[in-house]
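Note sheet for the following structure.
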Protein chains: 2
Amino acid sequence: MHNCHTHNACIETALEAAVVICDDGGLRFTKLRRAVLELVWTSHGPIKAYDILDQLDSSIASVTPPTVYRALDFLLENGLVHKLSSLNAYVGCSHPHRHHECYFLICTGCGEAMECCNSGLVDAVALTGRQNNFKPKSITLEITGECGDCQGRH
Amino acid sequence: MHNCHTHNACIETALEAAVVICDDGGLRFTKLRRAVLELVWTSHGPIKAYDILDQLDSSIASVTPPTVYRALDFLLENGLVHKLSSLNAYVGCSHPHRHHECYFLICTGCGEAMECCNSGLVDAVALTGRQNNFKPKSITLEITGECGDCQGRH
DNA sequence: TCTAAAATGTTATAATATAACATAATGAGA
DNA sequence: TCTCATTATGTTATATTATAACATTTTAGA
Ligand SMILES: [Zn+2]
Ligand SMILES: [Zn+2]
Ligand SMILES: [Zn+2]
Ligand SMILES: [Zn+2]
């Protein structure tokens, strides 16, 4: 379950952060990109590209796959969303100002994806790299299971 | 790069291990499943479902997607192959007798996926679970980067 | 204003995976 | 050996996810 009791505030915060990041980076946070990021955040859990497409207001952009995928590409490149490969779904980055290595606890009960940063994990990955003479560039770490709230409900 | 200088032996070993595992588990290691596992192993790196389909001998089975996906499902369920979600590709498990938590170092240079088991990483994941009151069931950990052999070649 | 670059529109198609139902093969018990 | 239920495979169609290719519009700076 999401633990932000005021999810609207949560969405607003994310959008404001995106504005700052784009301003700082000289990036264009267009109406479309904003709309897509807002849809991603409005969904409480990971959302699929075609669900974004379904929900996209046709007055904002052409409702076709390239529209959504391009916006997602922009958001991914700039660290505003993450892709969960194991689900083919997208989720807003909850700390876009400093998203080094992020990983996800994905609950099969409620569908929420909790984003974590943990130096222990990061260190373990780095060590593995060194041990294998391997130079890591990007990491996909998705842990599927049951969150605390859902473990009770059987 | 794969470091098994006799990859044929490597394939044979994997097939023999599969026979043992299926025998022990009362599972049917059919001609089709064997053929698909062999194709997975014959590929030096991760292989895609439709590439398996292309290479599947039509005298063994009907060359249609369900054929391949069903065989892959069987092999996945029984720990004989892994799916690399970040690539939508499949790779043979290199230690199917005891594949607890596996992760992969995927080289963008040569395409190889090296399977690792590292208690440090496993422990870090477990700790993260406890800290977040989250009960992990399955883990997707794919590290993309450059292997030692490929770091030289620029 | 002019213009090159970036963003979006548009149409088509590629790539990945599953649904649904039919048939065949297998193997355990009668 | 003969059911017959289960498992595996065949077959056809379709769902889902993502990109290619090219046209047009918008933007921001010179
Ligand atoms: Zn993040
Ligand atoms: Zn949950
Ligand atoms: Zn394995
Ligand atoms: Zn390599």
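Values reported hereafter were calculated over all heavy atoms of this structure, with side chains retained and with hydrogens, waters and symmetry mates removed. To find a chain, count down the sequence lines: A is the first, B the second, and so on, and within it residues start at 1.
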Is there a side-chain polar atom (N or O) of Arg28(B) under 4.0 Å from OP1 or OP2 of dT9(D)?
no
Just call it for Thr64(A): base, sugar-phosphate, or nothing, with non-hydrogen atoms closer than 4.0 Å on any strand.
base
Taking all non-hydrogen atoms of both residues, which atom of Ile106(B) and which atom of Glu142(B) are closest, and how far apart?
CD1-CB, 3.9 Å
Sugar-phosphate only, base, or nothing, as touched by Lys31(A) at under 4.0 Å among non-hydrogen atoms
nothing
Given atom CZ of Arg33(A) and atom P of dA6(C), what is their separation to the nearest angstrom?
11 Å
Under 5.5 Å and under 30°: Tyr50(A) stacked on dT16(D):
no
Any side-chain N or O of Thr67(A) less than 4.0 Å from the OP1 or OP2 oxygen of dG9(C)?
yes
Which comes earlier along DNA chain D counting from the 5' end, the contact point of Ile60(B) or that of Pro65(B), where each point is its nearest nucleotide?
Ile60(B)
So does Arg70(B) reach the base of dG10(D) with its side chain, donor to acceptor, closer than 3.5 Å?
yes
Could you work out which one of dA18(D), dG9(C), dT9(D) sits closest to the side chain of Tyr69(A)?
dA18(D)
Residue whose closest nucleotide on DNA chain C lies nearer the 5' end, Leu27(A) versus Pro66(B):
Leu27(A)
Rounded to whole angstrom units, what separation is found between the CG atom of Leu32(A) and the P atom of dA6(C)?
17 Å
Rounded interatomic separation in angstrom, taking CG from Leu53(A) and P from dA15(D)
16 Å
Using OP1 and OP2 only, check whether a side-chain N or O of Lys48(B) sits under 4.0 Å from dA14(C).
no
Calculate the interatomic distance between Asp51(B) atom CG and dA17(C) atom P; express it in whole Å.
12 Å
In whole Å, what is the span from the CG atom of Asn88(B) to the C1' atom of dT17(D)?
9 Å
Distance, rounded to the nearest Å, where Asp73(A) contributes CG and dA6(C) contributes P
16 Å
Decide yes or no on side chain to side chain contact (heavy atoms under 4.5 Å, CB included) for Val125(A) and Thr128(A), but give the supporting numbers first.
CA-CA 5 Å; Val125(A) 167; Thr128(A) 293; 5.6 Å; no
For atom CG of Asp57(A) and atom P of dT8(C), their distance in whole Å
15 Å
Phosphate OP1/OP2 of dT17(D): any Tyr90(A) side-chain N/O under 4.0 Å
no
Nearest whole Å is fine: how far is dT17(D) C1' from Leu87(B) CG?
16 Å
Has Lys83(A) got a side-chain N or O lying under 4.0 Å from the OP1 or OP2 atom of dT17(D)?
no
Quick one, Cys116(B) with Leu105(B), criterion side chain to side chain contact (heavy atoms under 4.5 Å, CB included). Give me CA distance, side-chain angles, the key distance, then yes/no.
CA-CA 8 Å; Cys116(B) 302; Leu105(B) 303 178; 3.8 Å; yes
Do you know which two heavy atoms are closest between Ser62(A) and Leu56(A), and how far apart they sit?
O-CD2, 4.4 Å
Exactly one of Thr140(A), Val91(A), Asn88(A), Asp73(A) should register a side chain to side chain contact (heavy atoms under 4.5 Å, CB included) with Lys83(A). Which one does?
Asn88(A)
